[in-house]
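Counting begins at 1 with the first residue of the sequence. Below, each value reflects all heavy atoms present in this structure, side chains not excepted, and no hydrogens, waters or symmetry copies.
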Amino acid sequence: RMITKVKIKFISPIDGSVSDTPTEHAIPVVPLTVWPSSSKDINVYKPNGLKAGAYALIDTGADLCYVDSDFADDLKLPIAEKTTVSGATSTIETTVRHAVISFTEDERVFSTELTSVPLVSNGRKFQVVFGMQLIKMGALTMDFSNQVFELTFFN
């Protein structure tokens with residue numbers, strides 16, 4: 001059984017700098033690579049040769065996983081369906097996109113659906129949000145006393 005351990009980084013919401021240790025107001029993120037999947041099969045990736053590095057916010061308060069709308073368009077992530085997203089101040093019509101993500105150099109990949117929302121244009125320093133839909137597939141460790149911050153998946 002393969003284990004994928006992803007070291008959590010911390011990004012400053014002010015200047016976007018990334019650190020291995022949390023600082024005041026820093027937010028937990030993981031670095032990843034994103035590819036579009038095939039529009040016909042979510043498990044087939046690299047249909048157009050596009051890929052991009054990104055940061056994903058670890059958000060235990062979110063149910064779903066999200067991707068920045070412009071980032072999704074630039075990568076040509078295929079649209080799976082239309083949906084509506086409601087937040088505290090608005091409701092928007094948007095799309096669910098198919099993507100393949102990897103946290104490792106050996107490209108062990110995970111297929112996922114990401115709901116497209118404006119993140120970067122709203123001042124966010126990350127392109128993806130991982131909600132509980134993805135987090136619950138593994139184990140999240142945020143141990144501040146021992147300085148252990150990781151997301152572990154059992155493939």
Side-chain angles (χ1 to χ4, degrees), residues 2-37 42-43 45-48 50-81 83 85-88 92 94-144 147-155:
M2 299 278 293
I3 296 175
T4 301
K5 283 188 182 266
V6 184
K7 287 206 125 344
I8 294 174
K9 306 281 188 182
F10 295 87
I11 194 166
S12 166
I14 298 161
D15 64 7
S17 61
V18 179
S19 171
D20 288 333
T21 55
T23 58
E24 190 173 0
H25 305 295
I27 51 177
V29 296
V30 292
L32 69 153
T33 302
V34 182
W35 291 268
S37 68
I42 193 171
N43 296 306
Y45 69 111
K46 299 183 181 179
N48 59 16
L50 296 176
K51 73 175 183 178
Y55 283 105
L57 169 70
I58 303 297
D59 188 349
T60 59
D63 291 327
L64 302 177
C65 296
Y66 301 92
V67 63
D68 179 69
S69 304
D70 293 334
F71 183 79
D73 289 343
D74 290 347
L75 271 180
K76 298 179 175 44
L77 298 183
I79 296 172
E81 63 184 324
T83 190
V85 174
S86 296
I92 61 169
T94 189
T95 55
V96 174
R97 306 293 190 101
H98 282 173
V100 176
I101 59 174
S102 179
F103 306 104
T104 59
E105 294 297 321
D106 63 3
E107 294 185 4
R108 273 178 271 155
V109 297
F110 300 84
S111 299
T112 188
E113 290 187 336
L114 303 168
T115 301
S116 179
V117 294
L119 294 171
V120 176
S121 64
N122 285 329
R124 303 299 185 264
K125 305 291 185 197
F126 45 84
Q127 299 79 14
V128 177
V129 174
F130 286 156
M132 291 306 296
Q133 174 188 35
L134 184 123
I135 296 168
K136 71 182 181 184
M137 293 170 59
L140 173 63
T141 303
M142 298 287 285
D143 182 348
F144 286 82
Q147 295 289 294
V148 177
F149 309 101
E150 61 190 18
L151 187 56
T152 305
F153 296 98
F154 307 96
N155 310 51

| With sequence neighbours excluded, what pairs up with Ser121 under the side-chain contact (heavy atoms from CB on, under 4.5 Å) test? |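 So Ser121 forms a side-chain contact (heavy atoms from CB on, under 4.5 Å) with Pro118.
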| For Ser17, which residues count as a side-chain contact (heavy atoms from CB on, under 4.5 Å) partner, sequence neighbours excluded? | Ser12, Asp15
Would you name the heavy atoms of [X] and [Y] that are closest together and state the gap between them?
| X | Y | value |
| --- | --- | --- |
| Pro78 | Ser37 | CG-O, 3.0 Å |
| Phe103 | Pro31 | CD2-O, 3.7 Å |
| Phe130 | Ile135 | O-CD1, 3.5 Å |
| Ile101 | Trp35 | C-CZ3, 4.3 Å |
| Val67 | Ala72 | CG1-CB, 3.9 Å |
| Leu75 | Pro36 | O-CG, 3.3 Å |

Under a 4.5 Å cut-off applied to non-hydrogen side-chain atoms, are [X] and [Y] in contact?
| X | Y | result |
| --- | --- | --- |
| Thr33 | Val100 | no |
| Val128 | Leu57 | no |
| Val120 | Phe126 | no |
| Met142 | Ile8 | yes |

[atom1] of [X] to [atom2] of [Y]: how many Å apart, nearest 0.5 Å?
| X | Y | atom1 | atom2 | result |
| --- | --- | --- | --- | --- |
| Lys9 | Ile58 | NZ | CD1 | 13.0 Å |
| Glu113 | Leu77 | CD | CG | 12.0 Å |
| Ile42 | Phe110 | CD1 | CZ | 13.5 Å |

| request: Quick one: which residue pairs count as a side-chain hydrogen bond (donor to acceptor under 3.5 Å, both in side chains) with a foot in residues 122-141, not counting sequence neighbours? | output: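 As it turns out, there is no side-chain hydrogen bond (donor to acceptor under 3.5 Å, both in side chains) pair with a partner in residues 122-141 once direct neighbours are skipped.
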| Can you pull the side-chain hydrogen bond (donor to acceptor under 3.5 Å, both in side chains) pairs that have at least one residue in residues 55-77, sequence neighbours excluded? |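 For residues 55-77: Ser69-Ser116, Asp73-Arg97.
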| field | With sequence neighbours excluded, residues passing ring pair (Phe, Tyr, Trp, His ring centres under 6.0 Å) with Phe149 | value | Phe10, Phe144
| query | side chain to side chain contact (heavy atoms under 4.5 Å, CB included) with Thr115: which of Thr95, Leu64, Val129? | reply | Leu64
| Thr21 and Gln147: CA distance, side-chain angles, deciding distance, side-chain contact (heavy atoms from CB on, under 4.5 Å) verdict | CA-CA 7 Å; Thr21 55; Gln147 295 289 294; 3.6 Å; yes
| remark: Sorted by chain and number, sequence neighbours left out, salt bridge (charged side-chain N to carboxylate O under 4.0 Å, His left out) with Lys5 holds for Glu150
